[in-house]
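None of the values given here were measured: they were computed from a predicted structure. These numbers come from the heavy atoms of this one structure, side chains and all, not from hydrogens, waters or symmetry mates.
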Amino acid sequence: MKSIKELIKNVNDDGSDDNLNLLIATILGSKFYVARYLEEDGSFLMIEDHEGNLHYPIFSDLEELDKWEGDFDADIWTFRQYLCRIMDEYQGNNVVINPFGESFDLPEGFINDCIEAIRLEEKNDHHN
């Protein structure tokens, strides 16, 4: 099985639907390094790109995480666990995987669909 970094490179190189679908399926079943570096108000730290857009960063491995300078601890969470942590404060920002290397932005629509699926699942669990 190819690593997330290899799959991101494939998507960035050719953008084929097959490579994109494989990357998305892999993301949904993967764990990521998430920096526990919180703002004073308790919200997650976001990174700003060169255009001034804010993104939630997640990292596929320690090599990618180590590219982020700063003092923080890191946890390993599944993609679903991560979305559960950010969904109450989520305001349409992209999630970027490996922002300091070969990166991939998960767009707002995809994140919103995933969060909605989690909320629906939680609602159904409470009724059972």
Side-chain angles (χ1 to χ4, degrees):
M1 179 165 60
K2 290 186 176 184
S3 71
I4 287 180
K5 286 172 33 172
E6 291 172 307
L7 294 171
I8 288 172
K9 182 169 180 9
N10 290 347
V11 169
N12 289 342
D13 286 349
D14 76 13
S16 75
D17 286 344
D18 287 345
N19 281 333
L20 180 60
N21 290 336
L22 182 56
L23 174 60
I24 296 297
T26 303
I27 288 168
L28 293 174
S30 293
K31 294 181 179 180
F32 293 90
Y33 287 87
V34 179
R36 285 190 295 132
Y37 188 69
L38 302 177
E39 297 285 311
E40 287 181 19
D41 66 359
S43 64
F44 284 89
L45 181 72
M46 299 174 76
I47 60 169
E48 188 173 345
D49 65 19
H50 60 280
E51 297 172 358
N53 300 309
L54 294 175
H55 305 275
Y56 290 98
I58 59 177
F59 303 88
S60 62
D61 55 42
L62 281 174
E63 178 184 355
E64 293 297 323
L65 179 66
D66 286 342
K67 294 177 182 178
W68 193 6
E69 296 179 11
D71 294 324
F72 53 83
D73 290 323
D75 292 320
I76 300 174
W77 293 337
T78 65
F79 186 68
R80 185 186 190 287
Q81 287 170 321
Y82 180 68
L83 290 181
C84 287
R85 301 280 179 120
I86 68 167
M87 69 183 188
D88 289 336
E89 68 180 59
Y90 184 73
Q91 297 179 2
N93 305 86
N94 289 359
V95 172
V96 62
I97 301 172
N98 300 336
F100 307 112
E102 184 88 37
S103 64
F104 185 75
D105 281 345
L106 295 167
E108 174 185 352
F110 175 76
I111 300 300
N112 281 328
D113 289 348
C114 290
I115 288 173
E116 185 60 33
I118 290 168
R119 287 189 171 131
L120 183 60
E121 182 181 287
E122 288 176 347
K123 182 180 175 183
N124 288 338
D125 286 347
H126 289 336
H127 287 107
N128 291 334

Could you tell me the separation between the CG atom of L120 and the CD1 atom of I115, rounded to the nearest 0.5 Å? 13.5 Å
Test your reading of the model: is there a side-chain donor-acceptor pair from N53 to the backbone of D49, 3.5 Å cut-off? no
Interatomic distance, CZ@R80 vs CE@M87, rounded to 0.5 Å, equals 7.5 Å
Measuring only between side-chain heavy atoms, which start at C-beta, is E108 closer than 4.5 Å to N94? yes
Euclidean distance, I27 CD1 relative to I8 CD1, rounded to 0.5 Å: 6.0 Å
Residue pair Y56 / I111, side-chain heavy-atom distance below 4.5 Å: no
Pick from Y82, W68, Y33: which one makes a ring-ring contact (aromatic ring centres under 6.0 Å, His included) with F59? W68
E64 and K67 ion-paired at < 4.0 Å: yes
Within a strict 4.5 Å, meaning less than it, do heavy atoms of the V95 and I86 side chains meet? yes
Gap between atom NZ of K5 and atom CG of D61 - 0.5 Å precision: 4.0 Å
Checking side-chain polar atoms at under 3.5 Å, does N19 have a donor or acceptor matched by the opposite partner on D14? yes
Around K9, counting heavy atoms of other residues, nucleotides and ligands shown, do more than 12 lie under 6.0 Å from its NZ? no
Got a second to check how far L22's CG is from K2's NZ, nearest 0.5 Å? 8.0 Å
Return yes if some donor-acceptor pair links the side-chain N/O of N12 with the main-chain N/O of F104 below 3.5 Å, else return no. no
With side chains defined as the heavy atoms from C-beta onward, is the minimum distance between H55 and N93 less than 4.5 Å? no
If you measure from CD on E63 to CG on N98, what distance do you get to the nearest 0.5 Å? 9.0 Å
Could you tell me whether R119 and D88 have a side-chain N and a carboxylate O separated by less than 4.0 Å? yes
Could you tell me if the side chain of F79 sits less than 4.5 Å from the side chain of I58, heavy atoms only? yes
